[in-house]
Amino acid sequence: MKSSDVAKVFQDVADLLELKGENPFKIRAYQKAARSIEHLPVEIEQLVAEKRLGEIPGVGEAITKKIDELVATGRLEYYEKLKAEFPEGLSTLLDIPGVGPKTAVLLSGELGVSSADELEAAITGGKVARLYRIGDKTAENILHQIHAMRREDRRIPIGEALPIVDEILLRLKYLPGVRNLSPAGSLRRFRETVGDIDLMATADNAKDVIRSFTLLPQVKEVRASGTARASVIVAGGLQVDLRIVEHDAFGSLLQYFTGSQQHNILLRERARRKGLSLSEYGITNLDTQEMEKFDDEAAFYHRQDLQFIPPELREGQQEIERAEQGTIPELLEIADIKGDLHVHTNWSDGRDSIEDMALAARDRGYQYLAITDHSRGRGIAHGLDADRLEQQIAEIENLNQRISGIRILSGIEVDIRADGILDLPPELLIKLDVVVASVHSAMNQPQEKMTRRILRAIENPLVDVVAHPTCRLLPGREPVSVDMEVILQAAAKNKTALEISAMPSRLDLKDIHIYRARELGVKLVINTDAHSKRHLEFMRFGVGISRRGWCEAHDIMNTRPLDEFLSSLEAW
DNA sequence: GCCGTTTTCGGCCCGACTGTTTTCAGTCG
């Protein structure tokens, strides 16, 4: 049973206890445990096996027992009994924004409603607005939320959101009177998908800035616009909120709106134990009731005797303890990257020539670039057979004579066939500097078969890098069924590197796998899988997601300067 | 149910908004 499944059970338990009107702190305990488990950097089965459940924040004796039961048997007696106390589906009403436990129980008790559809019918029939403490407005709001829920999930990949936000920030930055300006929320934490975008600023003339914001060319629709806040819809249906705040509290406000919620809760609990109360407006000393304000976010952390915690780490894992000890890692920066080891050219399905790609890489300050076109099995991508690969190797040798300032490495992205055999023979692969292997076909294999297939590539001494092991696409394609723990351990053992795909639709490995890989000492590389010069810019997404995996520069092979990288390649 | 520089009991993050009330309950992030 996966962490996410276990987390789901405890979240459900919390919902059911809410319906029951249980002790709110008991409910919070289950919610807290669920959130911790959901964001766990390792699979929970791993922790069960190592008897380390107690290390999870918010997991004590009782929940440990319940996790053991869940993982061992796949079900939880306590949960089954709770479920039986309520009409089937009642807790799904809690998914509707605006419907909490009190309302859900009321709806079920008075009207026998236990699903969104039934609720919709009851509202349209005018039954809901007559209930105690519910009026026309509340009923209408709930109906509106039900309709909103039926539309698609509005979270979009960060790769789509960030360029839009960059453009907006660029425009806002140069408006007269704007002083501070920053994104907040999950975008700033660099989550792989984001919901609404939160922007925060301080300005001398809030009203004018808000007005200019609503008049930006990107804006398709203005949802709300006041004196200090506006909410607009831009291309792709993305909602962007701009909030103008008091200058002297910008630090604590930015901290608060960056989240995550779990991080903030843990921070506040800790502060309370030290006699401080945190809010978005500042830090209050509980003895004197005096509040201190912070215009700077780092100062807000320092006041609590904590190191500054980079937004990417604020997920309520170990970051607060580490900041206490002063051992927050110095996270990887985009400038640390010295090369890209996975790009395509017009020899297969890329757009630009080898030379153009190399020059573009040099312009980015890279010292090396590996050309890794597809192998012959990718017929549709015009994959290279033995003859054309030989020609390409010769071409690269030529170019290396002609072009200075960048070293072009020969390579291939060779298909891992359904049986785990590579798509090109060893006598050819051995001639190449970099062999990247990846799965592009037969993605619906059962977990055991897929895992063995990828293991076979990892164990192949000619393979340097295994790319996008889960083959997921954002949004849309679910990851293939593969035992990541087995893959990661094998990669560590065989000294085969795993690729962190910077391509925004992949981001594969994802953050928790990167974290675990680092823990196991797996060699990691960040590659763009660029199919044109422009795609080299994707590197920022790979760096962002690696920062969420707590990576420092030395964790990533392609941060090494050319000479060091080449000698490490020999020993690979 | 969890947890500890107020430690095995007695607390538990904090503020805002909305709508329904007549002083505040419910919900959210």
Side-chain angles (χ1 to χ4, degrees), chain A residues 10-11 13-37 53-67 76 78-79 82 93-107 128-142 144-145 148 184-186 189 194-196 198 200 224 226 228-229 231 239 241 243 245 249 252-253 255-284 286-287 291 304-305 314 316 320-321 324:
Chain A
F10 288 127
Q11 184 52 55
V13 167
D15 286 346
L16 291 164
L17 292 175
E18 265 198 299
L19 293 175
K20 230 178 144 175
E22 259 281 6
N23 173 5
F25 297 109
K26 184 169 168 177
I27 296 165
R28 270 198 44 203
Y30 277 104
Q31 287 170 335
K32 182 176 174 177
R35 276 196 301 265
S36 284
I37 292 166
L53 290 176
E55 293 174 21
I56 305 172
V59 173
E61 202 178 329
I63 295 185
T64 293
K65 267 192 189 160
K66 292 188 170 72
I67 296 173
L76 179 63
Y78 177 69
Y79 176 45
L82 266 178
L93 288 185
L94 300 177
D95 297 337
I96 304 168
V99 178
K102 296 286 194 295
T103 311
V105 168
L106 185 70
L107 288 167
V128 173
R130 276 186 240 129
L131 296 175
Y132 178 65
R133 272 192 159 275
I134 295 183
D136 287 335
K137 284 194 172 179
T138 303
E140 201 176 308
N141 177 48
I142 292 173
H144 181 76
Q145 296 291 354
S186 50
R189 300 202 312 280
V194 297
D196 298 344
D198 279 318
M200 309 210 23
R229 208 185 139 178
S231 184
Q239 180 174 328
D241 294 351
R243 194 186 305 262
V245 301
S252 50
L253 279 154
Q255 195 284 327
Y256 172 74
F257 282 106
T258 297
S260 65
Q261 194 189 13
Q262 179 69 358
H263 173 82
N264 285 351
I265 289 173
L266 293 174
L267 209 57
R268 286 172 176 201
E269 285 174 348
R270 173 180 179 276
R272 188 148 269 273
R273 293 196 293 274
K274 291 175 170 282
L276 301 172
S277 170
L278 309 185
S279 82
E280 51 267 53
Y281 302 109
I283 301 181
T284 305
L286 287 171
D287 288 337
M291 187 172 84
Q304 301 169 60
D305 297 320
R314 299 182 197 168
I320 295 175
E321 283 170 34
E324 228 164 35

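Reckoned from all heavy atoms, side chains included, excluding hydrogens, waters and symmetry mates. Note on naming: letters A, B, ... go to the chains in the order of the sequence lines (proteins, then strands), and numbering restarts at 1 for each one.
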Peer 1: Closest heavy-atom contact between A:D136 and A:A129?
Peer 2: OD1-CB, 3.3 Å
Peer 1: Relative to the 5' end of DNA chain B, which residue comes earlier, A:G275 or A:Y30, by the nucleotide with the nearest heavy atom?
Peer 2: A:Y30
Peer 1: Between A:L278 and A:I134, name the one whose nearest nucleotide on DNA chain B is closer to the 5' end.
Peer 2: A:L278
Peer 1: Using atom NZ of A:K32 as one end and atom C1' of B:dG29 as the other, report the distance to the nearest whole Å.
Peer 2: 18 Å
Peer 1: Partner of B:dT8 by Watson-Crick or G-U wobble geometry, both contacts under 3.5 Å, or none?
Peer 2: none
Peer 1: Rounded to the nearest Å, what distance is computed from the CG atom of residue A:L253 to the P atom of nucleotide B:dC14?
Peer 2: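 To the nearest whole Å, that distance equals 16 Å.
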Peer 1: Report which part of the nucleic acid A:L266 touches: base, sugar-phosphate, or nothing (heavy-atom distance under 4.0 Å, all strands).
Peer 2: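 The answer is nothing, as A:L266 stays clear of every strand by at least 4.0 Å.
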Peer 1: Mind checking if A:N141 touches a base, just sugar-phosphate, or nothing, with heavy atoms under 4.0 Å?
Peer 2: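 Nothing, no nucleic acid heavy atom in range.
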Peer 1: Of all the nucleotides listed (B:dG29, B:dG26, B:dC2), which has the minimum atom distance to the side chain of A:T103?
Peer 2: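 Closest of the options to the side chain of A:T103: B:dG26.
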Peer 1: In whole Å, measure the gap between the C1' atoms of B:dT23 and B:dT18 for me.
Peer 2: 15 Å
Peer 1: Which is true for A:P24 with a 4.0 Å heavy-atom rule: it touches a base, it touches only sugar-phosphate, or it touches nothing?
Peer 2: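 The residue A:P24 makes no contact with any strand.
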Peer 1: Got a sec: does the CD of A:E324 have more than 12 other heavy atoms crowding it under 6.0 Å?
Peer 2: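 Above 12, so yes.
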Peer 1: Report the nucleotide, chosen from B:dA16, B:dC14, B:dG29, that has the shortest atom-to-atom distance to any side-chain atom of A:Q261.
Peer 2: B:dG29
Peer 1: Mind listing the closest non-hydrogen atom pair of A:A104 and A:V99 along with its distance?
Peer 2: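 Shortest heavy-atom contact: N-CG1, 4.0 Å.
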Peer 1: Let me know the distance between CD1 of A:I265 and P of B:dC2, rounded to the nearest Å.
Peer 2: 16 Å
Peer 1: When you measure from the side chain of A:K66, which nucleotide among B:dG1, B:dG26, B:dG15 comes out closest?
Peer 2: B:dG1
Peer 1: Are any side-chain N or O atoms of A:S36 and backbone N or O atoms of A:P57, one a donor and one an acceptor, separated by less than 3.5 Å?
Peer 2: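 Between the backbone of A:P57 and the side chain of A:S36 there is a qualifying donor-acceptor contact (under 3.5 Å).
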Peer 1: For B:dT22 and B:dG29, measure between their P atoms and round to the nearest Å.
Peer 2: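 About 28 Å, rounded to a whole number of Å.
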Peer 1: Which nucleotide sits closest to the side chain of A:P97: B:dC28, B:dC14, B:dC12?
Peer 2: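 Looking only at heavy atoms from C-beta outward on A:P97, the closest nucleotide is B:dC28.
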Peer 1: Whole-Å distance between B:dG29 C1' and A:Q31 CD?
Peer 2: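 Distance, rounded to whole Å: 12 Å.
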Peer 1: Considering only B:dC12, B:dT27, B:dC14, which nucleotide approaches the side chain of A:P101 most closely?
Peer 2: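 When the side chain of A:P101 is considered, B:dT27 is the closest of B:dC12, B:dT27, B:dC14.
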Peer 1: Which part of the nucleic acid, if any, lies within contact of A:I63, taking any heavy atom under 4.0 Å across all strands shown: a base, the sugar-phosphate backbone alone, or nothing?
Peer 2: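 The answer is sugar-phosphate, as A:I63 gets under 4.0 Å only of primed atoms, P, OP1 or OP2.
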Peer 1: Please indicate whether A:N23 has more than 12 foreign heavy atoms, meaning atoms of other residues, nucleotides or ligands, lying under 6.0 Å from its CG.
Peer 2: yes
Peer 1: Report yes if a side-chain nitrogen or oxygen of A:R272 is closer than 4.0 Å to either non-bridging phosphate oxygen (OP1 or OP2) of B:dC12; otherwise report no.
Peer 2: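 Yes, such a contact exists.
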Peer 1: Applying a 4.0 Å non-hydrogen cut-off, can you work out what A:D198 is touching in the nucleic acid: base, sugar-phosphate, or nothing?
Peer 2: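 Touches nothing.
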Peer 1: With distance as the sole criterion, do the side chain of A:N264 and the base of B:dG29 form a donor-acceptor contact below 3.5 Å?
Peer 2: no
Peer 1: Examine B:dG26: is either OP1 or OP2 under 4.0 Å from a nitrogen or oxygen in the side chain of A:Y132? Give yes or no.
Peer 2: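 It does not, given that no N or O in the side chain of A:Y132 lies less than 4.0 Å from OP1 or OP2 of B:dG26.
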Peer 1: Take atom CZ of A:F10 and atom P of B:dC2, then tell me their distance rounded to the nearest Å.
Peer 2: 9 Å
Peer 1: With rounding to whole Å, what would you report as the distance between B:dG1 and B:dT5 at their C1' atoms?
Peer 2: 23 Å
Peer 1: Between B:dC2 atom P and A:I27 atom CD1, what is the distance in whole Å?
Peer 2: 14 Å
Peer 1: Return the OH to CD distance between A:Y30 and A:E22, rounded to the nearest 0.5 Å.
Peer 2: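 Atom-to-atom, A:Y30:OH and A:E22:CD are 9.0 Å apart.
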Peer 1: B:dG29 P sits how many Å from A:R189 CZ, rounded?
Peer 2: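 After rounding, the reported distance stands at 14 Å.
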Peer 1: Using atom C1' in both nucleotides, what's the gap between B:dG15 and B:dG10 to the nearest angstrom?
Peer 2: 24 Å
Peer 1: What integer number of Å spans the P atoms of B:dC12 and B:dT6?
Peer 2: 14 Å
Peer 1: Could you work out the separation of B:dA16 and B:dT21 based on their P atoms and round it to a whole Å?
Peer 2: 25 Å
Peer 1: Atom CZ of residue position A:R270 - does it have more than 12 heavy atoms of other residues, nucleotides or ligands inside 6.0 Å?
Peer 2: yes
Peer 1: Looking only at atom P, what distance separates B:dG26 and B:dT20, rounded to whole Å?
Peer 2: 14 Å
Peer 1: Looking only at the side chain of A:Y256 (C-beta and beyond, no hydrogens), which of the listed nucleotides B:dG29, B:dC2, B:dC14 gets closest?
Peer 2: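 Side chain of A:Y256 sits closest to B:dG29.
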Peer 1: It should be established whether A:T138 places a side-chain nitrogen or oxygen under 4.0 Å from OP1 or OP2 of nucleotide B:dT18.
Peer 2: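 The answer is no; no side-chain N or O of A:T138 sits under 4.0 Å from OP1 or OP2.
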Peer 1: Check side-chain contact (heavy atoms from CB on, under 4.5 Å) between A:D198 and all other residues, then give those that pass, not counting sequence neighbours.
Peer 2: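 Per chain and number, A:D198 pairs via side-chain contact (heavy atoms from CB on, under 4.5 Å) with A:A184, A:D241, A:R243.
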Peer 1: Choosing from B:dG19, B:dG15, B:dC2, which nucleotide comes nearest the side chain of A:K137?
Peer 2: B:dG19
Peer 1: When the distance from NE2 of A:H144 to C1' of B:dG19 is rounded to whole Å, what number comes out?
Peer 2: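 Answer to the nearest Å: 16 Å.
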Peer 1: Tell me what A:I96 touches on the nucleic acid: a base, only sugar-phosphate, or nothing, going by heavy atoms under 4.0 Å.
Peer 2: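 Sugar-phosphate contact only - A:I96 comes under 4.0 Å of backbone atoms but never of a base.
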Peer 1: I'd like the C1' distance from B:dT8 over to B:dC2, given in whole Å.
Peer 2: 12 Å
Peer 1: Kindly point out which of B:dT27, B:dG1, B:dT5 is positioned nearest to the side chain of A:R273?
Peer 2: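 Nucleotide nearest to A:R273's side chain: B:dT5.
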